[in-house]
Amino acid sequence: GDIDSTGLTAYTNRSWATIDLNSGYITIDAPNPGLIVPVEINICDQSTCVQRILDLEVQSLPDLLIEEMGFESEISALEKQIKNKKTTDDLVVFYGSSTIRLWNSLQDDFPHTNTLNLGFGGAFISSLSQNFDRLFTFEAPKAIVLYLGRNDLSLGWTAEKIIEKIKTLIAKIHSRYPGTTIVNLSIKPSLERADQMEKIIKINKAMALLAKNTDFVKQIDFFDALMQDGMVNRFYLLRDGLHLNAHGYKVLKNYLKNHI
């Protein structure tokens with residue numbers, strides 16, 4: 001039945017699964033059958049997010065990726081945001097999945113920086129690559145801050161495959177904006193990804209090595225700051241155990257502030 005959707009946003013990690021909060025229905029329009037993957041449902045208000053994984057598994061193409069059909073409403077909203085941006089001088093663009101999208105305090109955290117938040121929830125590396133040319137129509141920004149790779153863990157990919165895809169996107173960005181600094185944020189630990197910790201650490205180390213050997217790439221590794229005694233510290237996460245809360249974003253801000 002109908003639910004009170006005032007102040008709520010909802011999204012899934014699959015571009016072909018959409019949620020209508022007014023009716024409470026989820027519409028599935030999957031590509032041709034292939035790999036079986038679960039669908040994550042995220043419902044957020046201004047301060048918290050709740051995540052559930054559907055018991056139903058939906059069949060989709062192995063890469064899901066190449067012909068993604070979704071994110072249209074979010075991308076359109078981002079295009080309007082870009083159009084309404086008063087100036088792109090010395091711009092620092094934040095581009096990535098929900099960790100970027102839900103950074104509501106971004107302008108307050110960097111009051112002396114011209115920031116633009118182009119995050120969209122559930123984004124895969126491929127989603128960010130596909131929408132890059134559509135969104136980045138403006139002059140070269142001072143820096144682009146990336147958060148990506150976490151959602152791709154749900155596809156069952158190896159760390160090596162995710163690393164390669166991140167590197168490919170960074171190369172694409174550098175080709176378009178050779179004078180722009182690319183700042184890559186490490187994949188954060190989360191309770192929801194506890195079984196993927198080894199992959200996350202491997203990806204973060206590979207990106208740190210890339211940054212060490214590449215003058216236009218910086219790696220901001222705040223992974224350890226969210227850990228305590230070898231465990232994920234819940235203090236920095238929303239109740240869903242996945243997304244950062246205000247304390248978590250404060251940590252990220254402090255790690256990032258001297259690099260943009």
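The structure presented is a predicted model; accordingly, all values stated were derived computationally and were not measured. Residues: numbered from 1 along the sequence shown.
Side-chain contact between Val145 and Val92 is present, with heavy atoms from C-beta onward closer than 4.5 Å. Taking the side chain as every heavy atom from C-beta outward, Lys172 and Asp133 approach each other to under 4.5 Å. In this structure, Leu244 and Leu238 have side chains that are not in contact, with every pair of non-hydrogen atoms separated by 4.5 Å or more. A heavy-atom distance below 4.5 Å is not found between the side chains of Thr214 and Ile182. The shortest side-chain heavy-atom distance between Ser97 and Tyr147 falls under the 4.5 Å cut-off. Two residues are said to be in side-chain contact when any heavy atoms from C-beta on lie closer than 4.5 Å; Leu210 and Gln219 fail this criterion. In this structure, Ile220 and His259 have side chains that are in contact, with non-hydrogen atoms separated by less than 4.5 Å.
Across all non-hydrogen atoms, the minimal contact from Val93 to Pro141 is CG2-CB, 4.0 Å. Here the closest non-hydrogen pair linking Asn104 and Arg101 is OD1-O, 4.2 Å. When all heavy atoms of Gly241 and Ser190 are compared, the pair lying nearest together is O-CB, 3.3 Å. The shortest non-hydrogen separation linking Gly96 to Ala123 is O-CB, 4.4 Å. Counting all heavy atoms, side chain and backbone alike, Phe223 lies closest to Met197 at CZ-SD, 3.6 Å. Contact between Ala159 and Lys202 at its shortest, heavy atoms only, is CB-CD, 3.6 Å.
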Exercise for review: Apply side-chain hydrogen bond (donor to acceptor under 3.5 Å, both in side chains) to the pair Asn114 and Lys142, showing each step before the final yes or no.
Suggested key: CA-CA 9 Å; Asn114 185 18; Lys142 175 185 175 182; over 6 Å; no
Original post:
Which is it for His247 and Tyr236 under the ring pair (Phe, Tyr, Trp, His ring centres under 6.0 Å) test, yes or no, and what are the steps along the way?
Top reply: CA-CA 5 Å; His247 302 293; Tyr236 298 113; 7.1 Å; no
Checklist line | Chi angles and distances behind the side-chain contact (heavy atoms from CB on, under 4.5 Å) call for Lys199, Ile162 | finding: CA-CA 9 Å; Lys199 285 185 182 180; Ile162 294 174; 5.7 Å; no
Legend entry - Residue pair Phe222, Ser186: steps toward the side-chain contact (heavy atoms from CB on, under 4.5 Å) verdict: CA-CA 6 Å; Phe222 65 112; Ser186 64; 3.4 Å; yes
- [ ] Carefully, step by step, assess Lys165 and Ser126 under the rule side-chain hydrogen bond (donor to acceptor under 3.5 Å, both in side chains).
- [x] CA-CA 8 Å; Lys165 287 190 171 287; Ser126 61; over 6 Å; no
- Audit row: Leu106, Ile100, side-chain contact (heavy atoms from CB on, under 4.5 Å) steps and yes/no: CA-CA 9 Å; Leu106 187 62; Ile100 299 294; 6.0 Å; no
inquiry  = Does Phe94 form a side-chain contact (heavy atoms from CB on, under 4.5 Å) with Leu256? I'd like the steps, not just the answer.
reply    = CA-CA 12 Å; Phe94 287 71; Leu256 182 58; 3.6 Å; yes
Query - Derivation of the ring pair (Phe, Tyr, Trp, His ring centres under 6.0 Å) call for Phe136 and Tyr95 - result: CA-CA 10 Å; Phe136 285 77; Tyr95 192 50; 5.0 Å; yes
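Once rounded to the nearest 0.5 Å, the distance linking CG of Asp90 with NE2 of His112 reads 14.5 Å. Taking OG1 of Thr115 as the reference point, atom CG of Asn117 lies at 7.5 Å (rounded to 0.5 Å). The structure places CG of Leu116 at 9.5 Å from OG1 of Thr88, a figure rounded to the nearest 0.5 Å. Rounded to the nearest 0.5 Å, atoms CG (Asn184) and CG (Asp221) are 9.5 Å apart. Taken to the nearest 0.5 Å, the CG atom of Leu148 stands 7.5 Å off from the CG atom of Asp152.
A donor-acceptor contact shorter than 3.5 Å links the side chain of Asn204 to the backbone of Ile187. At distances below 3.5 Å, not a single donor-acceptor pair connects side-chain atoms of Ser129 with backbone N or O atoms of Ile125. Using modelled atom types, one side-chain atom of Ser127 and one backbone atom of Phe124 make a donor-acceptor pair closer than 3.5 Å. Between the side chain of Gln81 and the backbone N or O of Leu118, no donor-acceptor pair lies under 3.5 Å.
If you check the side chains of Ser98 and His243, you find a donor sitting under 3.5 Å from an acceptor. Checked by atom type, the side-chain pair Lys188/Thr99 shows a donor-acceptor distance below 3.5 Å.
Applying side-chain contact (heavy atoms from CB on, under 4.5 Å) to Phe216 and the options Val183, Ile170, Thr181, Thr180 leaves one that passes, Ile170.
Under the 30°/60° scheme for interplanar angles, the aromatic rings of Phe138 and Tyr177 are found to lie parallel.
Residues Leu209 and Leu169 are members of separate hydrophobic clusters, defined by side-chain heavy-atom contacts under 4.5 angstrom among Ile, Leu, Val, Met, Phe, Trp and Tyr. Both Leu226 and Phe235 are assigned to one and the same hydrophobic cluster, defined by single-linkage of ILVMFWY side chains at heavy-atom distances under 4.5 Å.
Atom NZ of Lys85 is surrounded by more than 12 heavy atoms from other residues, nucleotides or ligands within 6.0 Å. Counting heavy-atom neighbours within 6.0 Å of Arg239 CZ, excluding the residue itself, gives a total of 12 or less. Within a 6.0 Å radius of NZ in Lys253, other residues, nucleotides and ligands contribute more than 12 heavy atoms.
Of the charged side-chain nitrogens involved, at least one lies within less than 4.0 Å of a carboxylate oxygen, so that Glu72 and Arg134 count as a salt-bridged pair.
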